[in-house]
There are 2 protein chains.
Amino acid sequence: MALRPVTRRSVSDQVFDQLVDDVVDGELGVGEPLPSERRLAEVLGVSRPAVREALGRIAQTGLVEVRQGGATLVRDFRRAAGLDLLPRLLVRSGRLDTAIGRSVIEARAEIGPGIAALAAGRGGPALATGLDAVVDEMATVTDAVRWQVLALDYWDLLVDGADSMVFRLMFNSLRAAYEPALPALATILADEVGQAEPYRLLAAAIRAGDAPTARAAAARVLTPTADTLLGALAAMGDDA
Amino acid sequence: MALRPVTRRSVSDQVFDQLVDDVVDGELGVGEPLPSERRLAEVLGVSRPAVREALGRIAQTGLVEVRQGGATLVRDFRRAAGLDLLPRLLVRSGRLDTAIGRSVIEARAEIGPGIAALAAGRGGPALATGLDAVVDEMATVTDAVRWQVLALDYWDLLVDGADSMVFRLMFNSLRAAYEPALPALATILADEVGQAEPYRLLAAAIRAGDAPTARAAAARVLTPTADTLLGALAAMGDDA
DNA sequence: GGTGGTCAAGTGGTCAGACCAGTTGTGGTT
DNA sequence: AACCACAACTGGTCTGACCACTTGACCACC
């Protein structure tokens, strides 16, 4: 019996979801006005405060622009939204957007080595020891999902070692985007389970404080999985 | 007569600002409960809906966790927040945080070349022509702020050419972070005004579809300004 | 023909007070 | 000691009212 926490969605959460989807899917064109708060409340069968709470969060996301006295206008999220929007773009109405998935994988492969290089210069042996501990556990694991979780833990440590708030926040945003899809990812990447050697080499480069080697080692960690995932995405795209 | 738009801050905006600052500055420790909504409303002299709108946005940012029935708890934003929080971390209570400024500059220098490489593979001559147009204008400009704005326009085009939603959203977040500081940046980088040649070389590499050369050219665009800015930040840090 | 003033209608901003729903701690019961 | 019931919190939602602002139409006036 597999139990999972009950998820309760508040009214304003549901309004938020619905409006975000409408804006992101382009059902509401850029520059067009949203219905008034009162009208939305009436149509959706909720109170105005509930609508307002949702709209306030949507405005913060950069999807709309609200102006007192005037109508609330739809903005171009490609220009105005920040990385926090990524999770909602990646899986849209239950389906994974392959183009966005591709960009996530590319960004991961592009940024990871930079993080490793910074961490090599700043983490020191303490970081390397922590990484090795994770790798030791990875080497013994057989469950594909557990493997992915440990890989995330590994990168979490690495990002800490890079001592960069920007990369930390980027990592958080990216993790939030693909954590929901982690079980699916684990299946696609099942063949990689147990191949801990690249991770160990990266940790060694970190211990040595060798930034260029760490950069290359990180690329060797990331590139194979990136290729596998891009291949899987391409296959999905063909189906659709 | 230099006129600028009047900025009106709503009550819930002010509550939002205040609470974000308190959490980010660590005045409210991680795991600690916030005062109840009713209490906050009373203490701040505003209505409960206003407090709720602010809290909802703060929760979305990942700074707190609200649970019906229980208290609202402070989370560790280093773990939970996304890149959208960056602007509020970079300038905190009017002051620029040098450690975070450093990480922004590092990230820019690290990611820029990757974007250029992607754009070289996807942008084509059309992109290069657009870039050249911006460079042509840069070459004629003498105002330092105007120069920075054009540089941003240049990168905006480049990011479009990379055809990557993740990099686009990252760029938006980073731009949101340092756009407020742009006048100050322009002063520090005044010496770079007019030096458009690196930008032109990058555009040429894009036109040729030569990703490795584009990567190197982007590094040559970014590294000098990064060094200058890091130096300025270090000087600021010494003062404090 | 353009300028500025006036006004009504519609929009978002804020408030007060009430009630529902869920959590937590307390104290009694077994 | 384990369990349970209840009271006193917490956040969630609604209603209806009023304020502040923008918009557009209309109307003088120059």
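A note on names: the letters A, B, ... follow the listed sequences, proteins ahead of strands, and every chain is numbered from 1. Basis for what follows: all heavy atoms, side chains included, without hydrogens, waters or symmetry-related copies.
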| query | Going 5' to 3' along nucleotides 6-12 of chain C, which nucleotides have protein heavy atoms under 4.0 Å from the base (write B), which only from the sugar-phosphate (write S), and which from neither (write -)? | reply | ----BBB
Only distances under 3.5 Å count here; give the side-chain donor-acceptor pairs of residues 70-79 of chain B to other protein atoms, sequence neighbours excluded, each with its distance to 0.1 Å.
| residue | atom | partner | partner atom | Å |
| --- | --- | --- | --- | --- |
| Asp76(B) | OD1 | Arg78(B) | N | 3.1 |
| Arg79(B) | NH2 | Asp156(A) | OD2 | 2.8 |
| Arg79(B) | NH2 | Asp160(A) | OD2 | 2.9 |

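- Take Asp136(B) and apply the salt bridge (charged side-chain N to carboxylate O under 4.0 Å, His left out) test, not counting sequence neighbours, and it matches Arg200(B).
- The list of salt bridge (Lys or Arg N to Asp or Glu O under 4.0 Å) pairs with a residue in residues 28-37 of chain B, not counting sequence neighbours, reads Glu37(B)-Arg48(B), Glu37(B)-Arg52(B).
- Residue Asp13(A) contributes atom CG, which lies 17 Å from atom P of dA21(C) at whole-angstrom precision.
- There is a side-chain donor-acceptor pair under 3.5 Å between Arg108(A) and Thr225(A).
- A search for salt bridge (charged side-chain N to carboxylate O under 4.0 Å, His left out) contacts involving Glu192(B) returns nothing, not counting sequence neighbours.
- Comparing Arg8(B) and Ser10(A) along DNA chain D, the residue whose closest nucleotide (by nearest heavy atom) sits nearer the 5' end is Ser10(A).
- Atom pair Leu44(B):CG and dC15(C):P shows a separation of 11 Å (rounding to whole Å applied).
- Residues forming a salt bridge (charged side-chain N to carboxylate O under 4.0 Å, His left out) with Glu65(B) (at least two apart in sequence, or on another chain): none.
- Partners of Ser173(A) according to the side chain to side chain contact (heavy atoms under 4.5 Å, CB included) rule, which considers only residues two or more places apart in sequence or in another chain, are Leu83(A), Asp84(A), Leu83(B).
- Heavy-atom contacts of chain B under 4.0 Å fall on DNA chain D between two terminal nucleotides, which in 5' to 3' order are dT10(D) to dT22(D).
- Remark: Ala184(A) pairs with no residue by the side chain to side chain contact (heavy atoms under 4.5 Å, CB included) rule, at least two apart or across chains.
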